[in-house]
Student: 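One structure, as structure tokens, below. Some questions next.
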Amino acid sequence: MPELPEVETIVRDLRPHLRGRRLEAVLSLNPVVLRFPSADSFRAAAEGAVFGALTRRGKFIHAPLSSGDQLVVHLGMTGTLTLEEEAAPVRPHTHLRLRLDSGRELRYRDPRRFGRVLLGSARQLAKAGLLPPLGPDPLDRTFHAWPENGQVRRSRRVVKAVLLDQRALAGCGNIYADEALFLARLRPTRTAASLSASQWARLGAALTVVMREAIRRRGTSFSDYRDGFGARGEAYESLLVYGRAGLPCVRCGRTLVSRRTAGRATVYCRWCQR
DNA sequence: AACGAGTCCTGATCGC
DNA sequence: TGCGATCAGGACTCGT
């Protein structure tokens with residue numbers, strides 16, 4: 001399940017290999033993952049365009065094209081975006097294949113099809129409501145002040161729900177929400193409004209630490225995640241709570257519990273997180 | 001306002 | 001061994 005660190009790893013991997021490369025042909029395109037525009041328009045707009053430098057915003061990958069359009073990819077739960085040799089076998093659930101003038105292919109694969117692909121100008125995409133508003137990104141230099149939005153701070157929602165809300169915070173998913181809450185020693189079921197200023201500061205710092213550490217390890221390979229070259233990341237070994245329900249807390253040794261919070265499986269330590 | 005539930009979807013895992 | 005049920009969840013919609 002790609003979250004910010006996984007998407008950032010993919011963007012960093014692909015950026016130098018895509019920049020300046022000409023998109024020669026759309027070899028295949030499954031319309032079910034294409035949210036905008038039509039398949040025909042996609043081909044017409046994509047073929048012949050030259051890639052600029054990839055960027056990331058939250059969990060979205062933005063690839064600017066020489067035409068002024070951008071190719072936008074969200075990986076959903078199981079999406080991968082990889083650069084492969086032409087001769088490499090095409091795996092099942094590959095929904096998009098773009099041939100580059102380097103002789104390689106940019107391939108988008110997504111078994112569960114929760115991801116999506118868009119192509120258009122920023123204006124077009126925003127107008128169509130396809131680029132939802134995103135909150136501050138934990139890698140932004142100004143993130144230390146998060147959340148500046150008083151509505152977020154005063155919200156009666158549980159803090160876990162706030163972390164998963166892309167309008168309040170961009171790029172966080174279930175894994176790193178649990179990890180950050182553990183590091184900040186905060187119970188996921190606390191309401192946002194109950195957090196003190198220093199607790200918010202702790203949480204913001206924890207988010208940055210958790211994300212940066214995961215990027216350093218090239219992302220968490222839980223099941224489907226692969227980096228831009230199809231390799232696994234190694235952050236899974238360093239997860240402290242996610243996927244460790246029933247195992248001892250690394251800090252106090254007591255058993256970690258799992259319960260459903262904000263509609264998601266949530267693992268925490270009842271002793272360390274209050 | 002904010003929650004839960006349902007929706008999309010496939011694959012891993014579990015119980016019988 | 002094999003098969004059906006269950007669970008996983010990002011983002012969205014809908015009902016309460």
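Below, read A as the first sequence line, B as the second, and so on, with proteins coming before strands; counting in each chain starts at 1.
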Student: Spell out yes or no: do the side chain of A:Arg112 and the base of C:dA8 have one donor N/O and one acceptor N/O closer than 3.5 Å?
Tutor: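 When only heavy-atom distances are counted, A:Arg112 does reach the base of C:dA8 through a donor-acceptor pair under 3.5 Å.
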Student: Between B:dA2 and A:Ser155, is there an OP1 or OP2 to side-chain N/O distance shorter than 4.0 Å?
Tutor: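 For B:dA2, OP1/OP2 do have a side-chain N/O of A:Ser155 under 4.0 Å.
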Student: Count the heavy atoms of every other residue, nucleotide or ligand shown that sit under 6.0 Å from CZ of A:Arg274, and state whether that count exceeds 12.
Tutor: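 Enclosed.
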Student: How are the rings of A:His62 and A:Phe60 set to each other: parallel, tilted or perpendicular (split at 30° and 60°)?
Tutor: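 The rings of A:His62 and A:Phe60 sit tilted, inter-plane angle from 30° to 60°.
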Student: Between A:Arg260 and C:dA8, does any side-chain N or O lie under 4.0 Å from OP1 or OP2?
Tutor: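 It does, given that an N or O in the side chain of A:Arg260 lies less than 4.0 Å from OP1 or OP2 of C:dA8.
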Student: Is A:Tyr242 close enough to C:dG9 that one of its side-chain N or O atoms is under 4.0 Å from OP1 or OP2 there?
Tutor: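 Indeed, a polar side-chain atom of A:Tyr242 lies that close.
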Student: Under the 3.5 angstrom rule, does the side chain of A:Arg187 hit a backbone N or O of A:Arg270 as a donor-acceptor pair?
Tutor: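 Yes, because the side chain of A:Arg187 sits within donor-acceptor range (under 3.5 Å) of the backbone of A:Arg270.
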Student: Would you mind reading off the distance between A:Glu6 atom CD and C:dG10 atom P, rounded to a whole angstrom?
Tutor: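 Computing the A:Glu6:CD to C:dG10:P distance gives 11 Å.
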Student: More than 12 heavy atoms of other residues, nucleotides or ligands under 6.0 Å from CZ of A:Arg167: is that the case?
Tutor: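 Not buried by this count: 12 neighbours or fewer within 6.0 Å.
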Student: With no hydrogens and no angle check, do the side chains of A:Ser196 and A:Ser198 hold a donor and an acceptor under 3.5 Å apart?
Tutor: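 Checked: A:Ser196/A:Ser198 side chains pair up, N/O donor to acceptor below 3.5 Å.
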Student: Using a heavy-atom cut-off of 4.0 Å across all strands, would you classify A:Val158 as base, sugar-phosphate, or nothing?
Tutor: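 Sugar-phosphate, backbone atoms only, no base.
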Student: Would you mind reading off the distance between A:Leu164 atom CG and B:dA2 atom P, rounded to a whole angstrom?
Tutor: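 It is 15 Å, rounded to the nearest whole Å.
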Student: May I have the distance from A:Asp165 (atom CG) to C:dG10 (atom P), rounded to whole angstrom?
Tutor: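 Atom CG in A:Asp165 sits about 13 Å away from atom P in C:dG10.
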Student: Quick one: A:Met77 CE to C:dC7 P, roughly how many Å, whole number?
Tutor: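 To the nearest whole Å, that distance equals 15 Å.
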Student: Just checking A:Gln166: base, sugar-phosphate only, or nothing, at a heavy-atom cut-off of under 4.0 Å?
Tutor: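 Sugar-phosphate contact only - A:Gln166 comes under 4.0 Å of backbone atoms but never of a base.
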Student: Could you give the CZ-to-C1' distance, from A:Arg113 to B:dT7, as a whole number of Å?
Tutor: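 Answer to the nearest Å: 14 Å.
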Student: Taking the side chain of A:Arg264 as heavy atoms from C-beta outward, which of C:dG10, C:dC12, B:dA2 is closest to it?
Tutor: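 For A:Arg264, the side-chain atoms sit closest to C:dG10.
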Student: To the nearest angstrom, how far is A:Ile61 atom CD1 from C:dG10 atom P?
Tutor: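 To the nearest whole Å, that distance equals 16 Å.
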Student: B:dC3, C:dA11, B:dT10: which one has an atom nearest the side-chain heavy atoms of A:Lys59?
Tutor: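 Between B:dC3, C:dA11, B:dT10, the one nearest the side chain of A:Lys59 would be C:dA11.
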Student: How long is the span from the CG atom in A:Leu98 to the OH atom in A:Tyr108, to the nearest 0.5 Å?
Tutor: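 So the gap between those two atoms works out to 12.5 Å.
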Student: Just wondering, do A:Phe114 and C:dG10 stack (centres under 5.5 Å, planes under 30°)?
Tutor: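 Yes, the aromatic ring of A:Phe114 stacks with the base.
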Student: Tell me which of A:Ala161 and A:Pro92 sits closer to the 5' end of DNA chain B, going by the nucleotide each one is nearest to.
Tutor: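 Taking each residue's closest nucleotide, the earlier one in sequence belongs to A:Ala161.
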Student: Indicate whether OP1 or OP2 belonging to B:dG11 is found under 4.0 Å from a side-chain N or O atom of A:His93.
Tutor: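 So the side-chain polar atoms of A:His93 do come within 4.0 Å of the phosphate oxygens OP1 or OP2 of B:dG11, strictly under.
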Student: Could you tell me the separation between the CD atom of A:Gln151 and the P atom of B:dA1, rounded to a whole number of Å?
Tutor: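 Taking atom P of B:dA1 as the reference, CD of A:Gln151 is at 7 Å.
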Student: How many whole angstroms separate atom CZ of A:Arg157 from atom P of B:dG4?
Tutor: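 Distance, rounded to whole Å: 11 Å.
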Student: Does a side-chain N or O from A:His74 land closer than 4.0 Å to OP1 or OP2 of C:dA11, or not?
Tutor: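 Answer yes for this pair, as a side-chain N or O of A:His74 is under 4.0 Å from OP1 or OP2.
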Student: Mind checking A:Arg35 for me? I need base, sugar-phosphate or nothing, with any heavy atom below 4.0 Å counting as a touch.
Tutor: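 No contact.
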Student: Which nucleotide wins on minimum distance to the side chain of A:Ala265, given the candidates B:dC9, C:dA8, C:dG10?
Tutor: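 The nucleotide sitting nearest to the side chain is C:dA8.
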